[in-house]
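First the structure, in the form of structure tokens, and then the observations on it.
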Protein chains: 2
Amino acid sequence: MNSFSSLMKGKDFHSITTAEIAGNAAVTEGLIYKYFKDKKDLLYQVLGDHFLNFTAKIKARVVNEKTCVGQLEVIIFSSLESYADNRVFSKILLLEVRNSLEFFNSGAYGMVKEYAANILAIIEVGIKKEEFKADTDSYLLRKVILGAIEHACLGEIIFGRELDIDRVSKGIANIVFNGVKA
Amino acid sequence: MNSFSSLMKGKDFHSITTAEIAGNAAVTEGLIYKYFKDKKDLLYQVLGDHFLNFTAKIKARVVNEKTCVGQLEVIIFSSLESYADNRVFSKILLLEVRNSLEFFNSGAYGMVKEYAANILAIIEVGIKKEEFKADTDSYLLRKVILGAIEHACLGEIIFGRELDIDRVSKGIANIVFNGVKA
DNA sequence: TTTTGTGAGTAAGTATCACTTACCATACTG
DNA sequence: CAGTATGGTAAGTGATACTTACTCACAAAA
């Protein structure tokens with residue numbers, strides 16, 4: 001998994017060969033298949049590993065926030081931060097796993113679902129506590145937030161652009177919470 | 001291209017073989033390489049084809065709208081509609097092409113850039129015309145809109161869920177323009 | 001002390017593909 | 001009619017994900 005992770009820093013999943021992974025780990029190709037069902041399974045397990053840290057960090061920060069607005073702001077900031085700090089993680093999650101249906105039966109996807117469910121719960125509490133408008137569509141709000149986060153990172157991941165996490169996270173929160181209409 | 005397109009309805013890019021594409025088109029594998037540099041080039045050309053219709057439809061509709069808010073609403077609605085009506089197009093654009101850097105040198109990506117540039121231009125006019133707050137970050141607003149559109153379609157594309165285009169497009173516009181804070 | 005079982009590891013395949021090469025035939029064009 | 005694109009094929013080839021059959025170390029059991 002370490003060998004694969006470090007190779008992912010430099011190229012995409014498809015252009016990394018099993019021979020390379022094995023060579024880089026100083027074992028033979030066959031051994032990979034003692035521990036992983038196939039190459040994709042290795043990918044999903046590496047993603048799952050990263051996702052554990054990702055959610056742990058977010059959870060630890062969210063508990064310090066009293067308001068739902070504050071909690072969502074923390075989630076937006078922390079997500080952007082994780083994506084920016086961890087290229088391999090974000091490359092896998094945003095660019096590599098989605099094109100194959102297998103992923104959605106993997107353990108890693110279970111964690112994604114949990115993360116998403118958590119956001120939804122916060123939004124629903126926010127509506128009850130009247131922080132948000134009563135007619136807010138919670139699923140849709142989640143989509144807008146998640147979509148904005150992911151799209152904001154794409155340029156950084158694909159072209160290696162710099163991302164001003166603080167500015168972008170505040171900007172997204174501002175648009176979503178207050179709107180842009182004059 | 002037709003043969004490949006119809007195969008894409010059922011499975012993902014990687015699990016479609018050149019033999020299948022050729023067989024389905026009743027030609028031999030070699031012929032594919034007379035017209036396309038490689039398998040990915042075929043993918044990009046199919047995407048480019050679809051993208052032409054996509055942008056044509058949007059442009060025709062946008063000219064009928066006077067306000068920038070109205071224009072953006074039309075873009076959101078039309079984008080969702082195209083994604084929903086054309087599974088192959090959206091699968092390719094949202095799930096298949098991004099994982100490889102080659103795409104960003106392809107002609108299809110040029111069209112994506114144009115579409116994105118168009119949205120940015122509308123936002124900037126909107127700021128000047130004071131439809132939007134003066135301190136609106138136009139790039140960020142575009143990211144939020146595009147991210148929301150794309151994320152809203154993912155469930156539909158991946159799991160085949162139904163998408164209520166009218167409700168979702170109105171919902172996205174409402175969140176982005178008016179915000180959700182009570 | 002002997003036996004048995006198991007996990008770590010390997011070497012040498014094999015099947016599948018994307019892609020190439022060397023041809024063939026037909027229609028148009030100067 | 002010669003020459004040359006154009007549309008097409010058949011038969012490779014090399015890379016690569018995955019498999020198989022095997023060794024070895026070593027620990028627990030007998």
Side-chain angles (χ1 to χ4, degrees), chain A residues 1-50 88-89 91-93 95-109, chain B residues 1-50 88-89 91-93 95-109:
Chain A
M1 286 170 75
N2 286 338
S3 163
F4 174 74
S5 249
S6 80
L7 287 168
M8 274 292 291
K9 282 171 197 154
K11 45 175 119 178
D12 54 292
F13 178 68
H14 193 65
S15 33
I16 297 172
T17 67
T18 49
E20 257 177 312
I21 300 167
N24 191 35
V27 294
T28 52
E29 263 183 273
L31 190 60
I32 294 174
Y33 294 89
K34 287 274 158 84
Y35 292 88
F36 305 98
K37 187 179 146 283
D38 53 24
K39 205 180 142 197
K40 271 186 182 156
D41 183 38
L42 169 58
L43 179 74
Y44 301 154
Q45 293 216 35
V46 168
L47 175 62
D49 238 38
H50 282 129
V88 171
F89 167 62
K91 265 179 72 177
I92 296 178
L93 185 59
L95 305 176
E96 301 285 5
V97 296
R98 294 184 180 181
N99 50 35
S100 159
L101 278 174
E102 295 162 54
F103 168 64
F104 300 96
N105 295 316
S106 74
Y109 181 63
Chain B
M1 288 169 75
N2 286 338
S3 163
F4 173 73
S5 250
S6 79
L7 287 168
M8 274 291 291
K9 283 170 195 155
K11 46 176 120 181
D12 54 292
F13 178 68
H14 192 65
S15 33
I16 296 172
T17 67
T18 49
E20 256 178 314
I21 299 167
N24 191 34
V27 294
T28 53
E29 260 182 277
L31 190 60
I32 294 173
Y33 294 88
K34 285 274 158 83
Y35 292 88
F36 305 98
K37 190 179 144 282
D38 52 24
K39 204 180 143 195
K40 272 186 182 156
D41 183 38
L42 169 57
L43 180 74
Y44 301 153
Q45 294 216 35
V46 169
L47 176 63
D49 236 40
H50 283 129
V88 171
F89 166 62
K91 265 178 73 176
I92 296 178
L93 184 60
L95 305 177
E96 301 285 4
V97 295
R98 295 185 179 178
N99 50 35
S100 161
L101 278 173
E102 294 162 54
F103 169 64
F104 301 96
N105 296 315
S106 74
Y109 181 63

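The sequence lines fix the lettering, A, B, ..., with proteins before strands; numbering per chain opens at 1.
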- How long is the line joining CD1 of A/I32 and P of C/dG9, in whole Å? 12 Å

- Message: Looking only at the side chain of A/T17 (C-beta and beyond, no hydrogens), which of the listed nucleotides C/dG9, D/dT16, C/dC19 gets closest?
- Response: D/dT16

- Please answer whether the main-chain N or O of B/K11 pairs with a side-chain N or O of B/K91 as donor and acceptor at a distance below 3.5 Å. yes

- Note, B/D38 side chain near B/E102 side chain (heavy atom, < 4.5 Å): yes

- Query: To the nearest Å, how far apart are B/D41 CG and C/dA18 P?
  - Reply: 15 Å

- Residue mapping more 5' on DNA chain C - nearest nucleotide basis, B/K39 or B/K34: B/K39

- Check the distance between D/dA10's P and B/E29's CD and give it to me in whole angstrom. 12 Å

- Item | Whole angstrom value for the distance that separates C1' of D/dA17 from CZ of A/F4 | 14 Å

- D/dA17 OP1/OP2 closer than 4.0 Å to side-chain N/O of A/T18: yes

- Query: Does B/F4 have B/K39 sitting over its ring (NZ/CZ under 6.0 Å from centre, angle to axis within 45°)?
  - Reply: no

- Task: Kindly point out which of D/dC18, D/dG7, C/dC19 is positioned nearest to the side chain of B/D38?
- Result: C/dC19

- Would you indicate which nucleotide in C/dC19, C/dG9, D/dA17 comes nearest to any side-chain atom of A/L31? C/dG9

- Atom CG of B/L42 and atom C1' of C/dC19 are separated, to the nearest Å, by 14 Å

- Roughly, in whole Å, what's the span from CG in A/L43 to P in D/dA17? 13 Å

- Could you tell me how the ring of B/F103 sits relative to the ring of B/Y44: parallel (under 30°), tilted (30 to 60°) or perpendicular (over 60°)? tilted

- Donor-acceptor contact below 3.5 Å, side chain B/S3 vs main chain B/I21: yes

- Atom NE2 of A/H14 and atom C1' of C/dT16 are separated, to the nearest Å, by 13 Å

- Reckon A/T28 has a side-chain N or O less than 4.0 Å from the OP1 or OP2 of C/dA11? no

- Task: Identify whether any heavy atom of B/F36 sits under 4.0 Å from a base atom; if not, whether one sits that close to sugar-phosphate; answer base, sugar-phosphate or nothing.
- Result: nothing

- Message: Quick check on C/dT20: is either OP1 or OP2 less than 4.0 Å from any side-chain nitrogen or oxygen of B/Y33?
- Response: no

- Kindly say if B/Y35 contacts the phosphate of D/dG7, meaning a side-chain N or O under 4.0 Å from OP1 or OP2. yes

- Task: Just call it for B/I21: base, sugar-phosphate, or nothing, with non-hydrogen atoms closer than 4.0 Å on any strand.
- Result: nothing

